[in-house]
S.K.: 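I have a structure here, written as structure tokens, and I will follow up with some questions on it.
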Amino acid sequence: MRGARVNLYSGLKYGALIIWAVFVVAPFLWALSTSFKSDNGVTGGATYIPFLEYEPTLDGWAALFRDTSSGGISMQGPYLASLIVSLVSSGIALALGTLAAYGLSRFTFRAGPLSNSDITFFFISQRIMPPAILAIPYFLLLQFTGLLDTHIGLILVYVAMLLPIVVWVMVDFFNTVPTELDEAAMIDGCNPIQAFYRIILPNCGPGLVVAGLLCIIFSWSEFFFALTLSFAKVQMLPPTIVILNSNKVPWWSLSASALASVVPLVIVAFFLERYLSRGNLAGTIRE
Amino acid sequence: MAEVKIEGVQKKFGSVLALDAINLTIHNNEFVVLVGPSGSGKSTLLRIIAGLERETSGTVTINGESMAEVAPKHRDVAMVFQSHALYPHMNVYDNLAFNQRIRGVARKQVDDKVREVAERLEITDLLKRRPRQMSGGQRQRVAIGRALVRDPQIFLFDEPLSNLDAELRVRLRTEIKRLHRELQRTSIYVTHDQVEAMTLADRVVVLRDGQIEQIDEPDALYQRPANTFVAGFIGSPAMNLIAAEAEKNLLRVGSQILPIEFDHNGAVTLGIRPEDFLLEGPDAAGTIDAQVTLIEPMGADTLIFCVIDGEHEVSIRLPRHIRVRDGENLKLKPRQNSLHLFDPESGHRLN
């Protein structure tokens, strides 16, 4: 009786998980299938299995590398631009954000009735605000400084967008590292900066991984600023893909480019998943 | 060679007064223990000496040099923390070597020093381990090693044994004492454990509420506590403190009378250590009657709880061969010169 109950329970559990997995993976499979279809393959009714139901072709993928003049969509430029902007902005945001978070975790700041936790909340509150509010000020600001439609301009905006995430994640992490470690380091001969880089930061690896992962995900898939603050010299990946939707939709290339845009995140997730699942997140410091 | 001089040091955390006008001189090579209940300010004082906390007012000087603007790393002090504070991402070797490396000592020299200290503390076989792969005792041993590698002028200990189990605590305590005797370095040790204070110290500083209650050698502290606080804090089980009335050379405890060799009139607090009671026969003079309420055999001696006149609780420590029964009436006589008399208002010692 009891065994039957357990079986029913785990049956339900796995049933639910399978449904969810299908729900998550199906769009990707659909896109994968579509990316190998030709014009007729897409419009000629729903087909799923290559070779059996339709003749696969690499046209959709090939178009990613062709110039627009020859009917392609030339994805390399936007791909590279997105890679540069998201990696550089994530790097800067991590470097500045960890310093800010360490400061907020270890030193007391006061401005009238406001103190550390208010400053931390102020950082997070940046993320509560819808980005549309900032689009016009950013546009004018970048135009004024001549940074509109440049990598640097976008990187600056992205750093501002990512900093709150880093600060928020890292303050929590630094708070779990006992201050005795800082003190031991300072007595051992470190100045505060050395104590931070040589002792505290190396013990916050999992925090850095989490913060970095969030940064890369957010900056890689960011759409709104990429659309409004860059257009000709710099083209970012997400707007480029969406603009494919304009007149006659090339579903096969759209699918191929969408899949290609997910690849870096899959790679990052693949490596970090191993790191995080080793249980490194818990019990690094507390023993 | 280091003499630490603390003059008029006061520390406030916001509006809370943690230390109030502390004056203390720690001599060269002396082992001084700061002891007191939690919140007494003993750790704060140690951290001020280390430079981890800044005094609100007053001065700390080491070898005549003011420490007001000197960072912890330039004070030539090493500290052992209660939580060991070993660097979790380094193995034992690197933990021991870190302070030498960051000070730019040559690699060969660092290696020699680390191995010498590891040998001295018998942790050579642990050198490759990470802190989390060791037991609490091993970690604290390494933490002591980290201080030893420095060969500093001053050793600071902040309750280093509090997180260890009783047996280990006794072992490491002995070891710390031996190390101090071999190395002859000025050492300042904070603890709330009066046994550690008594066993380790050349001099004990008893603190309460940010003030020094008494500074003395362990023996003197035990035999002539300056006030009721020190009397009750030092010694286990604690000294019996009984409200009494003095009249010339007589002391009235409840309905009973004890002769004393001290001329005083008025209310007093009488202090007697549990081991200072002698058990007398039925017709002895100068005794007080007490009724046994509880007996705790402790091996070497027996701890007996009694009441005098049904209201004053006292504890008595008798050698184990003396047998008493529960509820028995005892005739107790205080040992000669073992009575401590305190002012009941201020708590100060009278005799």
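All heavy atoms count here, side chains included; hydrogens, waters and symmetry mates do not.
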S.K.: Select, from B/Arg150, B/Met90, B/Met79, the one with the greatest count of heavy-atom pairs under 4.5 Å involving chain A.
M.R.: B/Arg150

S.K.: Heavy-atom distances under 4.5 Å only: say whether B/Ala71 touches chain A with side chain, backbone, both or neither.
M.R.: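 Neither; nothing under 4.5 Å.
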
S.K.: How close do B/Lys73 and A/Cys190 get, counting heavy atoms only, and between which atoms?
M.R.: CD-O, 3.8 Å

S.K.: Are there more than 12 heavy atoms of other residues, nucleotides or ligands under 6.0 Å from atom CD1 of A/Ile152?
M.R.: no

S.K.: Can you tell me if B/Glu182 has over 12 outside heavy atoms packed within less than 6.0 Å of its CD?
M.R.: yes

S.K.: More than 12 non-hydrogen atoms from neighbouring residues, nucleotides or ligands closer than 6.0 Å to CD on B/Glu122, yes or no?
M.R.: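 Counting neighbours around CD of B/Glu122, 12 or fewer heavy atoms of other residues, nucleotides or ligands fall under 6.0 Å, so no.
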
S.K.: Can you confirm whether B/Glu65 is buried at CD, in the sense that more than 12 heavy atoms of other residues, nucleotides or ligands lie under 6.0 Å from that atom?
M.R.: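 Open.
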
S.K.: Using a heavy-atom distance cut-off of less than 4.5 Å, which residues of residues 93-103 of chain B contact chain A?
M.R.: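 Residues B/Phe98, B/Asn99, B/Ile102, B/Arg103 are the ones that qualify, each having a heavy atom under 4.5 Å from chain A.
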
S.K.: Surrounding CZ of B/Phe13 (heavy atoms of other residues, nucleotides or ligands, distance under 6.0 Å), is the total greater than 12?
M.R.: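 It does: B/Phe13 CZ has more than 12 such atoms within range.
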
S.K.: Could you go step by step and tell me if B/Arg75 and A/Ile187 meet the side-chain contact (heavy atoms from CB on, under 4.5 Å) rule?
M.R.: CA-CA 8 Å; B/Arg75 293 192 179 197; A/Ile187 287 181; over 6 Å; no

S.K.: Kindly indicate whether the side chain of B/Pro88, heavy atoms from C-beta on, has any atom under 4.5 Å from the side chain of A/Val177.
M.R.: no

S.K.: For the CZ atom on A/Phe109, are there more than 12 heavy atoms of other groups (residues, nucleotides or ligands in this structure) within a distance under 6.0 Å?
M.R.: yes

S.K.: For A/Ala184 versus B/Ala85, what's the shortest heavy-atom pair and its separation?
M.R.: CB-O, 3.9 Å

S.K.: Looking at A/Cys204, is its backbone amide N or carbonyl O close enough to the side chain of B/His89 to form a donor-acceptor pair, meaning the two atoms are under 3.5 Å apart?
M.R.: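 Not confirmed, B/His89 side chain does not pair with A/Cys204 backbone.
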
S.K.: Using only non-hydrogen atoms and a strict under-4.5 angstrom cutoff, which residues of residues 41-54 of chain B touch chain A?
M.R.: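 Hits under 4.5 Å: B/Arg47, B/Ala50, B/Leu52.
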
S.K.: Counting only heavy atoms not in A/Phe223, do more than 12 fall under 6.0 Å of its CZ?
M.R.: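 Atom CZ in A/Phe223 is crowded, with more than 12 foreign heavy atoms closer than 6.0 Å.
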
S.K.: Check the surroundings of atom CH2 in A/Trp220: do more than 12 heavy atoms from other residues, nucleotides or ligands lie under 6.0 Å from it?
M.R.: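 Yes, because the 6.0 Å sphere around CH2 of A/Trp220 holds more than 12 heavy atoms from other groups.
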
